[in-house]
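Worth knowing before you read on, the calculation uses all heavy atoms, side chains too, and leaves out hydrogens, waters and symmetry mates. Quantities reported herein were computed from a predicted structural model and do not represent experimental measurements.
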Amino acid sequence: MFNEYDVIVVGAGHAGNEAAAAAAKMGSKTLLITMNMQVIGQMSCNPAMGGVAKGQIIREIDALGGLSGIISDKSMIQFRMLNRSKGPAMWSPRCQNDRMQFAQEWRLALEEIENLDFWQDMVTNILVDNGRVGGVRTGMGLEIKAKAVILTSGTFLNGIIHIGDKNFRGGRSGEKAAFGITEQLIQLGFEAGRMKTGTPPRVDGRSLDYSQMEEQAGDENPGKFSFTNTPNLKEQRSCWVTYTNEEVHETLKRGFDKSPMFQGRIKGLGPRYCPSIEDKIDRFADRNRHQIFVEPEGWHTVEIYVNGFSTSLPDYIQYEALKKIKGFEKVKMFRPGYAIEYDYFPPTQLKLSLETKLVENLFFAGQINGTTGYEEAACQGLMAGINAHNKINEKESLILKRSEAYIGVLIDDLINKGTEEPYRMFTSRAEYRLLLRQDNADIRLTKIGYDIGLASKERLENVEVKANKVDKLINDLKQKKVKPDEINSYLDEVSSATIREKSSFYNLLKRPEISLPLLNDMNEDLGGYLNKYQKEEIEQAEILIKYQDYLDKERKNAEKMEELENLKIKQGFDYTTVKALSTEAREKLSKIKPETLGQANRISGVSPADISILMVYLGR
């Protein structure tokens, strides 16, 4: 029934969908295997995409030619640009999505890709011959051949769901867990571990009193993720904010003796930056309230996601505690929150391409690598799909540098540092975050996406037009000058120093209190001139002008690191022979097997002295 495939992708979540789409669009005959075709692209937890650093990742995926940004735009019900009060390195797009429409848009997009086939089944084994992957074996006993396999198993590998003292096998609420793969991979020599994540209860929006909550509306002029011509959001649904209180906390504490987390039944570590409500109460005992975000699940449903109330306490305790939250006094619960424990494989066992070191042409992406979050999973899937296609076609892997993309930071962190708790991306993890802004993801990455055959020529042409217009605007602002008597009164109004001689708009924009829209209001001639430019072009020009010195400094730092990145380490280099290295450095380098001195420099436990020694041995 099946011919041999180029690439098989196991799992149809965010990582699997991006992987399958990328490999197929680049020309590989691809098979996407999922246990249930009705939940392709399911949002397992909150109905939202983006956020701090995560929004930058979605824009990077889009710039490379991935689909998450387009799907998010088509299904969004609210858009907000977070951190506008901070510098542009921190600006992060986020949207609320219609959960059902999001999954539907993913399926429609995947079904339009010619090289992509689907099969509903559970994968129980990976076919391996002489250290090289050869396909998969399914629960129905089928052996399907492939040149490369990408595992994107999410929380399904030996998944156990916990609600109070009840626990049962499952990969997600209402869905069975997957078995067989972990045990086989351990036999092949892989190291495995356990992680935990959780989700809050879902409630009936008709039973809530929104008059007692704070409304959180979307942006007045909503943006979007994709750099393509996706539809603009014309109508939005509000979210709401309320708070727990001491009475809620006391009710929750009554269930602590049945908490699987506190009683030790959950062995895996949970996400540090998204703790359960019981963990918050326990860890932050001095806090008498915690924020709760009330998020609608879509346009045409009353179901509400109670963000901030993730829990694995008994269902009756969850319900009693919810009723004591302001606005939730008459709440009706659709389903309780739960914790889920699942297998993962420490990502130090991977190459930077996301190919495993032990089995050739076997790739891991998403939560199997110890990450948490849709965005982190999606970007790994995209890169695994690209690199699986490249590997079987004897092309170089695409490895994004830390100075090129948040995606590069994420993968570099995973491979060089590993993770013992669910990894989440933050702007603070990126040392070049001013270079990696959300507004310039297309300029950074679209040419790369085009060169590998993923981003279209139209995308590239649009980026070139945008870059040229931004450059022209900056140059024109250098030429356009204003006299003191034409602007000083306006400068006084905004508490900015007045000028004594003609000054260019470019120099005025260097001042933190001056913006292009403000200059637009001050000068009618400039206002008419700016009408020729898009909002995004004006915004980017202003950022480049205001932060030029900082950007130059970051670029120089990145160039210095680039020297180490270009120094390749010979494959199979025996670190144990270099006695001058510290014992820890020899152990870490032998385990991770870095490909360059730059990568070696970022491994925890490898000191600058160790790098100097390696440079001597490598003939620097």
**Message:** Donor-acceptor check, side chain of Lys472 to backbone of Ala467, threshold 3.5 angstrom: yes or no?
**Reply:** no
**Prompt:** Looking at the rings of Tyr342 and Phe156, which for Trp means the six-membered one, are their centres under 6.0 Å apart?
**Reply:** no
**Prompt:** Is it true that a side-chain atom of Asn416 and a backbone atom of Ile603 form a donor plus acceptor pair closer than 3.5 Å?
**Reply:** no
**Request:** Give a yes or no on whether a salt bridge exists between Arg84 and Glu539, defined as a side-chain N under 4.0 angstrom from a carboxylate O.
**Result:** yes
**Prompt:** Is a side-chain donor-acceptor pair under 3.5 Å present for Asp574 with Thr576?
**Reply:** yes
**Prompt:** Side chains of Ser28 and Thr30: do they bring a donor and an acceptor to under 3.5 Å?
**Reply:** no
**Request:** Compute whether any side-chain donor of one residue and acceptor of the other, for Asn115 and Lys29, lie under 3.5 angstrom apart.
**Result:** no
**Residues, nucleotides or ligands: over 12 heavy atoms within 6.0 Å of Glu183 CD** = yes
**Prompt:** Ion pair present between Lys553 and Asp549, side-chain N to carboxylate O less than 4.0 angstrom?
**Reply:** no
**Asked** Taking only residues at least two apart or on different chains, which pairs with a member in residues 381-426 satisfy ring-ring contact (aromatic ring centres under 6.0 Å, His included)?
**Response** Tyr273-Phe426
**Message:** Could you check whether Glu60 pairs with Arg444 (Lys NZ or Arg NE/NH1/NH2 to Asp/Glu carboxylate O, under 4.0 Å)?
**Reply:** yes
**Message:** Distance to the ring centre below 6.0 angstrom and angle to the axis at most 45 degrees; does that hold for Arg459 and Phe227?
**Reply:** no
**Asked** Quick check: are there more than 12 heavy atoms from other residues, nucleotides or ligands sitting under 6.0 Å from NZ of Lys510?
**Response** yes
**Asked** Do Arg402 and Glu431 meet the salt-bridge criterion of a basic N to acidic O distance under 4.0 Å?
**Response** yes
**Asked** Under 4.0 Å between a Lys/Arg side-chain N and an Asp/Glu carboxylate O for Lys391 and Glu355?
**Response** yes
**Side chains of Asp412 and Gln599, donor plus acceptor under 3.5 Å** = no
**Item:** Main-chain N/O of Glu464 paired to Asn468 side chain as donor or acceptor, under 3.5 Å
**Value:** yes
**Message:** Any heavy-atom pair between the side chains of Ile150 and Ile8 that's under 4.5 Å?
**Reply:** no
**Message:** Is there a salt bridge (Lys or Arg N to Asp or Glu O under 4.0 Å) between Glu587 and Lys591? Walk through the geometry before answering.
**Reply:** CA-CA 6 Å; Glu587 289 174 359; Lys591 180 180 180 181; over 6 Å; no
**Check: Asn390/Glu396 side-chain N/O donor and acceptor closer than 3.5 Å** = no
**Asked** Distance under 6.0 Å and angle within 45° of the ring axis: does Arg437 meet both against Trp91?
**Response** no
**Message:** Checking Ser153 against Gln367: is there a side-chain donor and acceptor pair closer than 3.5 Å?
**Reply:** no
**Item:** Close side-chain approach of Asn125 to Ile181, heavy-atom, < 4.5 Å
**Value:** no
**Residues Glu376 and Lys54 bridged, charged N to O under 4.0 Å** = yes
**Asked** Relative to the ring of His14, is the ring of Tyr374 parallel (under 30°), tilted (30 to 60°) or perpendicular (over 60°)?
**Response** parallel
**Message:** Quick one: does any side-chain atom of Arg59 pair with a main-chain N or O of Gly55 as donor and acceptor, under 3.5 Å?
**Reply:** no
**Prompt:** Under the side chain to side chain contact (heavy atoms under 4.5 Å, CB included) criterion, do Ile368 and Tyr344 qualify, and how do the steps go?
**Reply:** CA-CA 4 Å; Ile368 192 172; Tyr344 86 105; 5.5 Å; no
**Request:** May I ask you to say whether Glu360 pairs ionically with Lys351, meaning some side-chain N is under 4.0 Å from a carboxylate O?
**Result:** no
**Request:** Would you check if the side chain of Gln349 reaches a backbone N or O of Glu191 as a donor-acceptor pair within less than 3.5 Å?
**Result:** yes
**Request:** Compute whether any side-chain donor of one residue and acceptor of the other, for Ser68 and Glu18, lie under 3.5 angstrom apart.
**Result:** yes
**Message:** Does Glu562, at its CD atom, have more than 12 non-hydrogen atoms belonging to other residues, nucleotides or ligands within less than 6.0 Å?
**Reply:** yes
**Request:** Kindly say whether Ser607 contributes a backbone atom to a donor-acceptor pair with the side chain of Asp610 at under 3.5 angstrom?
**Result:** yes
**Side chain to side chain, Arg132 and Val359, heavy atoms closer than 4.5 Å** = no
**Item:** Donor-acceptor under 3.5 Å (Arg424 side chain, Thr372 main chain)
**Value:** no
**Prompt:** Where do Ala339 and Ile266 come nearest, in terms of heavy atoms and distance?
**Reply:** CB-CD1, 3.8 Å
**Non-neighbouring partners of Glu537 that pass side-chain contact (heavy atoms from CB on, under 4.5 Å), sequence neighbours left out** = Lys466, Lys469, Val470, Tyr533, Gln534
**Enclosure of Tyr575 OH (heavy-atom neighbours >12, cutoff 6.0 Å)** = yes
**Prompt:** Does the pair Glu554/Arg433 count as a salt bridge with the N-to-O cut at 4.0 Å?
**Reply:** no
**Message:** For Leu564, is there any backbone N or O sitting under 3.5 Å from a side-chain donor or acceptor partner on Lys560?
**Reply:** no
**Message:** Strictly below 4.0 Å, N to O, side chains only: are Arg555 and Asp552 in salt-bridge contact?
**Reply:** yes
